[in-house]
Amino acid sequence: MWIDEADGFAEIFRGYLPYYLLVALPIFIIMSPVNPVAASHEFSVYRMQQYDLHTVPHGCRSASFNLEGRSLTSWSTSRHCVVARVQDITIDQFMEIRAKAGALLLVLPKNDTVLTPEEKEHIQLLEMAMIQQEVNAPVYFARWSPDFEDIIRDLQHSFITDDKSGTALEAMMNTVSSNGYQIVVSASTPQKLESKPVTLHGKLVGRSGSSQTIVIAAHYDSSAVVPELSQGADSNASGAIAILELARIFSRLYSTAAVRGGPSILFVLTSIGHSLNYFSAKKWLEEQLDSTDAALLQDVSFVMCLDSISSSPSMTMHVSKPPKPGGAAHSIKSRLGVSINHKKINLAEDLLAWQHERFSIRRMTAFTLSSLQSHKDPSRYTVLDTPSESNLKNLISNIAVTARALASHVYNITDEGSDEDAALYNDALAVDEASIRHWYKYLTSQSRAPQLITTTSSSQGVTGALERALSRYMDVSVSAHAVDKREPEYTLYGPTAASLFVYSVKPAVFDLILTLAIIAYLTVVYFAIQLFPRFYEEYAKLVTGKAKVH
Amino acid sequence: MTLYHFGNCLALVYAPYHMAYKFSGISEYATFSKCVYAGGLYIFTQLCKMLLLATFFPDTDSSHITGEYNIFLEVLKATVDFADLLGLYFALNAVPGKGHAKILTSAIGWASAEVVVTRSVSLWVGARGSEFDWRYVRSCAESNVALLHTGATAALVWLWTRSDLPRAQAPLVATLLALAPYRALLEDALARALALGAWALLALRALHAAALGLASLAVYAVLAQQIGV
């Protein structure tokens with residue numbers, strides 16, 4: 001009997017099956033696309049910074065990977081892509097991942113409000129640590145989404161681990177029930193971006209007879225570990241907005257000859273700031289000072305740089321040389337009523353501390369106004385530098401204070417006199433809150449990383465918008481700078497964004513178990529069909545027997 | 001997931017059909033061409049149904065988006081499935097031989113065509129991709145249930161065409177046949193009411209098909225004894 005049934009099984013393979021399949025299947029496989037199905041999850045992800053500064057590499061050096069996703073605790077080899085929330089990973093863990101893991105995918109928090117101050121500080125420090133050195137594995141960041149939350153939870157509670165489970169049965173059940181994820185990013189290999197930084201400057205000409213010039217400068221780019229996600233609200237959208245607002249206020253005052261101030265005011269907006277060593281300011285100064293007619297910067301009274309002025313209502317004046325009493329800088333200082341933070345220029349360091357040092361190096365009196373106490377403040381380098389209503393309030397008040405101090409210096413007012421004069425004065429120096437609000441919203445609505453703003457044409461994007469805004473008040477010149485071909489001061493790399501696919505997969509053993517299950521099922525079906533005649537006989541007897549009773 | 005996984009799914013779909021054909025005895029009648037004929041009839045019936053649906057029913061894709069669910073319209077659309085019964089009737093007529101051979105041949109042909117038309121493409125595309133989903137395994141298992149159900153329906157249609165059907169059983173057969181087109185609708189409604197998962201729904205379908213099969217087998221047995229087959 002057993003032999004008969006074995007024959008039956010053999011029939012399946014001998015009979016109809018499948019000789020034609022031997023031909024048909026390979027043809028199908030050749031004809032169909034390699035990866036015919038779309039993943040169930042597709043996300044936009046943003047690559048970590050990659051740049052060289054003075055040919056020293058920083059950041060992430062590769063872009064594509066196809067690896068199995070693991071949580072922070074369960075990863076072990078370079079065949080794993082670690083997926084974690086950015087607030088969960090410690091700096092030590094990052095260093096280990098940097099050395100050993102295949103890739104890293106960090107999910108940003110849902111929004112700032114879910115973070116405690118400690119977590120915020122931790123993320124900022126982590127960002128600083130990440131950008132210090134180069135990372136050979138691809139590192140990506142993703143915005144928070146519920147799907148990611150599920151994936152992270154799945155990975156954390158996943159039972160696919162390399163160590164043995166209790167029993168073989170348990171291990172089998174685990175492979176059937178657990179979900180694995182294959183994480184794929186296909187992006188081109190990192191390539192150098194053609195970076196064309198620019199500097200915008202415009203001049204309000206003072207009364208003839210006086211040739212002194214006041215320079216007000218700010219950079220308008222932002223810096224963070226992820227170029228695509230660096231909104232840079234405080235650093236340094238605030239400074240750029242202050243420039244625009246001061247330009248508006250003083251262009252109104254300078255438009256009539258009667259109230260025109262003595263010194264000329266030069267407004268400068270540079271496109272590369274602290275992250276790349278104030279390259280734009282350096283090049284612009286070289287061009288202006290070393291050209292044959294250095295008229296623009298001939299008699300500079302002082303240079304005022306504005307950097308990160310929205311994080312608190314008070315400001316600090318950062319100088320590289322203490323201002324002399326009686327000098328212009330000292331006059332501004334006393335009119336602003338700010339404290340002084342003196343820090344000598346350290347040329348041995350990789351990065352200059354503040355933008356004014358570029359001017360101080362060229363022997364100009366220069367200082368930076370900032371709400372930050374130190375140039376090392378991690379808030380200048382973070383993705384958490386997002387717009388907020390309280391920062392906007394600080395910004396408005398700081399701009400008002402600066403405008404007032406500057407005006408009182410320009411017109412050399414020591415006493416504001418009668419109430420009537422003061423009212424007139426207030427009216428002339430009033431800041432336009434709506435316009436500040438509008439610019440704050442616009443500049444922080446997008447990323448202004450050097451990778452993005454210096455690679456587009458200078459008449460487009462943020463640069464173009466700033467130029468058009470400034471040219472409403474004065475004639476604006478745009479100077480484009482070039483990076484040295486042989487010894488580039490810096491190099492930027494793309495791509496900055498990519499698409500990430502997450503496939504849910506099962507371990508290879510799972511297919512074997514499934515095969516066993518299917519074979520068992522088919523055996524049952526086989527015997528069911530074999531036993532059907534006998535079953536029918538019994539069943540018919542049962543049914544018709546009852547039928548006869550009726 | 002992989003080609004291997006696809007092979008698994010294929011085995012799950014193909015083997016029961018093959019065994020049903022091979023071991024039920026109908027292969028001895030050399031009726032493979034009749035099976036193909038029944039399959040052709042299935043495809044023709046579906047085309048006719050599509051024409052009917054496209055001509056007389058409003059476009060429902062937009063209402064799917066808005067999430068409206070018009071029960072009356074769904075019932076009306078399911079009514080069009082009576083054409084399936086008509087198609088099965090023609091298939092049964094085309095097959096010569098005894099009752100059970102007629103039923104099995106047309107049912108197997110019909111169900112195979114259904115599998116090929118409705119499931120093969122999604123299986124080929126889905127089960128071979130890198131993404132794993134239980135859906136494909138489930139769909140394969142469902143095709144087995146569909147075979148059982150088609151067999152039961154074919155038996156009912158055959159019984160209905162018999163003039164010597166016992167009077168006592170006629171109402172039962174008529175009721176079951178009348179309900180046949182609404183089977184999927186009823187199952188879905190029940191699954192919704194009981195908040196069943198996908199696997200539970202599959203089990204429900206299997207139970208339903210088994211019950212239907214047993215009922216039609218009982219009537220068949222009564223008839224068979226009466227006419228002495």
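Throughout, a chain's letter reflects where its sequence line sits, starting with A, and its residues are numbered from 1.
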Can you sort out the partners of A:Ser145 under side chain to side chain contact (heavy atoms under 4.5 Å, CB included), two or more places apart, ordered by chain and number?
A:Phe43, A:Asp147, A:Phe148

Does any donor atom in the side chain of B:Tyr4 or A:Thr515 lie under 3.5 Å from an acceptor atom in the other side chain?
yes

For the residue pair B:Arg183 / B:His149, report whether a side-chain donor-acceptor contact shorter than 3.5 Å exists.
yes

If the plane angle is over 60° it's perpendicular, under 30° parallel, otherwise tilted; pick one for A:Phe532 and A:Phe535.
tilted

Do you know which of A:Val184, A:Ile519, A:Ile529 has the most heavy-atom pairs with chain B at a distance under 4.5 angstrom?
A:Ile529

Contact part of A:Leu512 toward chain B, heavy-atom cut-off under 4.5 Å: side chain, backbone, both or neither?
both

Check each atom of B:Val219 against the heavy atoms of chain A and say whether the ones under 4.5 Å are side chain, backbone, both or neither.
neither

